[in-house]
Amino acid sequence: AKQDGRGIYRFFTPEMQARSGRHLELVNALRYALERNQLHVVYQPQMSLITGKIIGSEALLRWTHPELGSISPAEFIPVAEETGLILAIGEWVLRSAVSQTKAWHEQGWADLSIAVNLSAIQFRHTDLPGTVSRILQESQLAATYLELELTEGVAMIDPPGAIAIMNDLHLRGVRMSIDDFGTGYSSLSYLKKFKVSKLKIDQSFVRDINSDPEDKAIVSAVISMAKSLGLQTIAEGVETEEQLTFLHQQHCDEVQGYYFARPLAPVQFAQFMLDNKNL
Ligand code: C2E
Ligand code: CA
Ligand code: CA
Ligand code: CA
């Protein structure tokens, strides 16, 4: 610790100060990111292992700042959450993704679903079901094409509140999945109470699936548990043919990862659909 002029000890190391400088910079810059058109959404294809077809995509947010360059969502989503900006940003992502998916439907790909990530904060502070319905209505997209990806953290904030919101969304026909499944602290009992239809197996389990017997055991246990609960499974972070083969053998329903495609801009996604007509 270092003593400053007023006899106060400062415990910040230079790295910590740099980090908080960066943090402040991000807080300020993020306030204007939406209105200055610095945010955009990319779409990563999701494939069915049952039919072999492209079933839809996951919407992933990107931020390109004119001076700071491209900033990872892993860095700016937490900033958006602590400042409350995630409410406006999250609603914008949902509106963009839903209207893009409707446009693809009109181009002839009428089966495509869209998965949108929701922050736990969005779950707590807004009339989420009303907002979701309004956005679907605006774009004239049927609710069954929308899937909301929630992390286990949502369940932990306020279980009764979360259950009520999930019931409401479920009644409106929106599907929900648990993202990063297996990495949270929550008990499995919420799977019984929550209206989720799919578990998304976290990429940390998929990564070493072919070399680590424990990851292998976890993934196959999650898939069979999901099956016996009547839930679907999707594995994320699939990068190799070996991973794909294992997931197929275990009867995982869907896959997503660089093996098929990176997250794509809308024009590239349409090209991917054209290039994979046979899929
Ligand atoms: P996530 O929801 O778990 O998204 C999966 C992340 O894995 C994405 O990173 C994706 O680009 C990456 N990924 C996909 N396939 C592969 C693969 O084969 N290998 C590897 N190594 N990675 C792969 P991304 O886009 O950087 O997003 C990071 C996180 O930021 C997301 O994790 C999600 O938690 C959050 N995020 C992104 N967009 C949004 C959003 O619109 N709203 C909210 N609330 N969070 C978002
Ligand atoms: Ca996700
Ligand atoms: Ca995930
Ligand atoms: Ca994640």
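Order of listing sets the numbers, starting from 1, for every ligand and every atom in it. All values below come from the heavy atoms of this structure, side chains included, with hydrogens, waters and symmetry mates left out. All values derive from a computational prediction rather than experimental measurement. Residue indices begin at 1 and follow the sequence shown.
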Does a side-chain N-to-carboxylate-O contact under 4.0 Å join [X] and [Y]?
| X | Y | answer |
| --- | --- | --- |
| Glu254 | Lys53 | no |
| Arg22 | Glu75 | yes |
| Asp253 | Lys227 | yes |
| Asp212 | Lys216 | no |

Worksheet item: If only atom types and distance count, is the side chain of His40 paired as donor or acceptor with the main-chain N or O of Trp63 below 3.5 Å?
Response: no
Discussion item. Between Arg207 (side chain only) and Gly237 (backbone N and O only), is there a donor and an acceptor less than 3.5 Å apart?
Written reply: no
Fill in: N, O or S atoms of the protein lying under 3.0 Å from the Ca ion (ligand 2)
Glu58 OE2, Asn117 OD1, Glu149 OE1, Asp179 OD2
Just let me know how [X] lines up against ligand 1, side chain, backbone, both or neither, with a heavy-atom cut-off below 4.0 Å.
| X | answer |
| --- | --- |
| Val116 | neither |
| Val42 | neither |
| Glu58 | side chain |
| Val93 | side chain |
| Ile77 | side chain |

Discussion item. Assigning hydrophobic clusters by single linkage (Ile, Leu, Val, Met, Phe, Trp, Tyr; side-chain heavy-atom cutoff under 4.5 Å), is Ile234 placed with Val206?
Written reply: no
Practice prompt. Check the hydrophobic clustering (I, L, V, M, F, W, Y; side-chain heavy atoms under 4.5 Å; chains of links allowed) and say if Leu60 and Ile114 are grouped together.
Written response: no
Please confirm whether [X] comes within less than 3.5 Å of ligand 1 when only nitrogen or oxygen atoms on both sides are compared.
| X | answer |
| --- | --- |
| Leu118 | no |
| Ser72 | no |
| Glu149 | no |
| Gln122 | no |
| Gln44 | yes |

At what distance, to the nearest 0.5 angstrom, does [atom1] of [X] lie from [atom2] of [Y]?
| X | Y | atom1 | atom2 | value |
| --- | --- | --- | --- | --- |
| Leu141 | Gln100 | CG | CD | 11.5 Å |
| Phe260 | Gln256 | CZ | CD | 10.0 Å |
| Ile209 | Gln203 | CD1 | CD | 12.5 Å |

Item to complete: Have a look at Glu147 and tell me which of Lys200, Lys198, Gln46 forms a side chain to side chain donor-acceptor pair (under 3.5 Å) with it.
Response: Lys198
Discussion item. Nearest non-hydrogen contact with atom 37 (C) of ligand 1 belongs to which option: Ala80, Pro73, Ala120?
Written reply: Pro73
Does [X] reach ligand 1, in the sense of a heavy atom lying below 4.0 Å from it?
| X | result |
| --- | --- |
| Lys200 | no |
| Gln256 | no |
| Pro263 | yes |
| Gly237 | yes |

Practice prompt. Count the heavy atoms of every other residue, nucleotide or ligand shown that sit under 6.0 Å from NE2 of His170, and state whether that count exceeds 12.
Written response: no
Worksheet item: Around Asn167, counting heavy atoms of other residues, nucleotides and ligands shown, do more than 12 lie under 6.0 Å from its CG?
Response: yes
Using a 4.0 Å cut-off to any heavy atom of [X], which atoms of ligand 1 qualify?
| X | value |
| --- | --- |
| Gly257 | 15 (N), 18 (O) |
| Asp180 | 3 (O) |
| Glu236 | 3 (O), 5 (C) |
| Glu239 | 17 (C), 18 (O), 19 (N), 20 (C), 21 (N) |

Worksheet item: Between Ser177 and Glu149, which heavy-atom pair has the shortest distance, and what is it?
Response: OG-CG, 3.4 Å
